[in-house]
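Just so it is clear, the values below take in all heavy atoms, side chains as well, and ignore hydrogens, waters and symmetry mates. Whatever order the structure lists ligands and atoms in, that order sets their numbers, starting from 1.
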Amino acid sequence: MTSIAPLVDQFQRRITYLRLSVTDRCDLRCSYCMPERMTFLPRKDVLSLEELHELALGFIARGIRKIRLTGGEPLVRRDMVELVQALGRKIGDGLDELTLTTNGTRLAEFADDLAAAGVRRVNVSLDTLDRAAFQRLARRDSLPQVLEGLQAAREAGLAVKINAVALKGINEHELPEMIAWAHGQGHEITLIEVMPLGEVEEDRFDHYLPLLAVREQLEARWTLRESDHRTGGPARYFDIAETGGRLGLITPLTQNFCEGCNRIRVTATGQLFACLGGSEQVDLRAALRSGEPQAALSRALDAAMRIKPERHHFTIEEPGAAPALSRHMSMTGG
Ligand code: SAM
Ligand code: SF4
């Protein structure tokens, strides 16, 4: 019989949030995320639209209430809107929220479709407002498209949260300006510490910026009040009195937040990773392609609950160190 029991791991954490990568491909090449000549997953191994849908239904049956579609860049996948439409039908019927993390380059084209399918909020990753710096960082001159995408998202009624990876010597000096800009546009903004996931050309140590230091700088300029706002993600929030907006800080390196983890991640090829910073995995594609997909999927999810580790242990402490994991963030999404 297929279990309908909620997903609870061995540390009694209830897992209610799925981050589902729909592709590992991307139209940008952010230098902290992937190399210019990235090796992508073989297309034949990527789950079909029907398989992604079936997979998501299996998770919802086991108590997943929130799904974030991610990548790679989710909006480069051709049948993405169909998937959003199919999953949008589960909102209010098992699912509380369907969201998306995107680099924004194609939002102008898709914002209306996403809103019509029931998406209410999107996370848009944007690390700099300087066109030349964007081109250097993302290795593509796409800032104008991203800004158009943000405009389209606002017009479609989507709430936007900006995600910016804080990078020493790259956008460090610009962070207050970006926060003021985001709040002026009515967006929340969250800063993220760079994580040592996957080989890239550069040494992440050179650009690693601990957010505690950033917070102190911001506090010298503005009044930050800790907020009890929570979104089910790893960010801790602050209200800034002077800008009237909310700032999130995601500090995987300086302030571990694994204790409250409610998340599980699946790659576009159906590999479940029990932890962003670990290699514990379960093959859901094999379950999906078995004779009894929903029962096999449910058993695989029980196995995932048994191997989800208590916490990740990655650090960026010395120059030249190999990444903690060979897997890039573009496989499991953010
Ligand atoms: N392409 C989409 C985007 O950029 O929003 C979705 C996938 S991307 C992998 C998700 C998030 O992960 C982005 O906000 C990106 O900045 C972040 N990211 C990528 N590599 C990272 C790393 N090594 N450390 C910290 N964040 C990273
Ligand atoms: Fe692409 Fe997102 Fe990685 Fe940038 S961070 S290369 S946009 S997947």
For residues 164-171, which side-chain N or O atoms pair as donor and acceptor with protein atoms under 3.5 Å away, sequence neighbours left out?
from	atom 1	to	atom 2	distance (Å)
Asn171	OD1	Leu167	N	2.7
Asn171	ND2	Asp127	O	2.9
Asn171	ND2	Val165	O	2.8

List below, pair by pair, the N or O atoms of ligand 1 and of the protein that are less than 3.5 Å apart, including the distance to 0.1 Å; reply 'none' if no pair qualifies.
from	atom 1	to	atom 2	distance (Å)
ligand 1	1 (N)	Gly72	O	3.0
ligand 1	1 (N)	Glu73	OE1	3.3
ligand 1	4 (O)	Ser125	OG	3.4
ligand 1	5 (O)	Thr102	O	3.2
ligand 1	5 (O)	Ser125	OG	2.5
ligand 1	14 (O)	Ser125	OG	2.7
ligand 1	16 (O)	Tyr32	OH	2.8
ligand 1	23 (N)	Tyr32	O	3.3
ligand 1	23 (N)	Met195	O	2.9
ligand 1	24 (N)	Met195	N	2.7

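Atom CD of Glu280 sits in a crowded spot, with more than 12 heavy atoms from other residues, nucleotides or ligands closer than 6.0 Å.
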>> Could you walk me through whether Glu199 and Ser326 satisfy the side-chain hydrogen bond (donor to acceptor under 3.5 Å, both in side chains) test, starting with their C-alpha distance in whole Å, then the side-chain angles of each, then the deciding distance to 0.1 Å, before giving a yes or no?
In response: CA-CA 6 Å; Glu199 279 293 346; Ser326 59; over 6 Å; no
> Could you go step by step and tell me if Arg120 and Ile91 meet the side chain to side chain contact (heavy atoms under 4.5 Å, CB included) rule?
Replying inline: CA-CA 11 Å; Arg120 294 289 164 261; Ile91 299 172; over 6 Å; no
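The number of protein N, O or S atoms lying under 2.8 Å from atom 1 (Fe) of ligand 2 is 1.
A salt bridge (charged side-chain N to carboxylate O under 4.0 Å, His left out) with Glu97 holds for exactly one of Arg121, Arg68, Lys90, Arg65; it is Arg121.
Side chains of Glu54 and Gln294: a donor on one and an acceptor on the other come within 3.5 Å.
Using a cut-off of 4.0 Å between Lys/Arg side-chain N and Asp/Glu carboxylate O, Asp79 and Arg77 are scored as salt-bridged. Remark: Asp239 engages Arg225 in a salt bridge, criterion side-chain N to carboxylate O under 4.0 Å.
Residues satisfying the ring-ring contact (aromatic ring centres under 6.0 Å, His included) test with His207, not counting sequence neighbours, are none.
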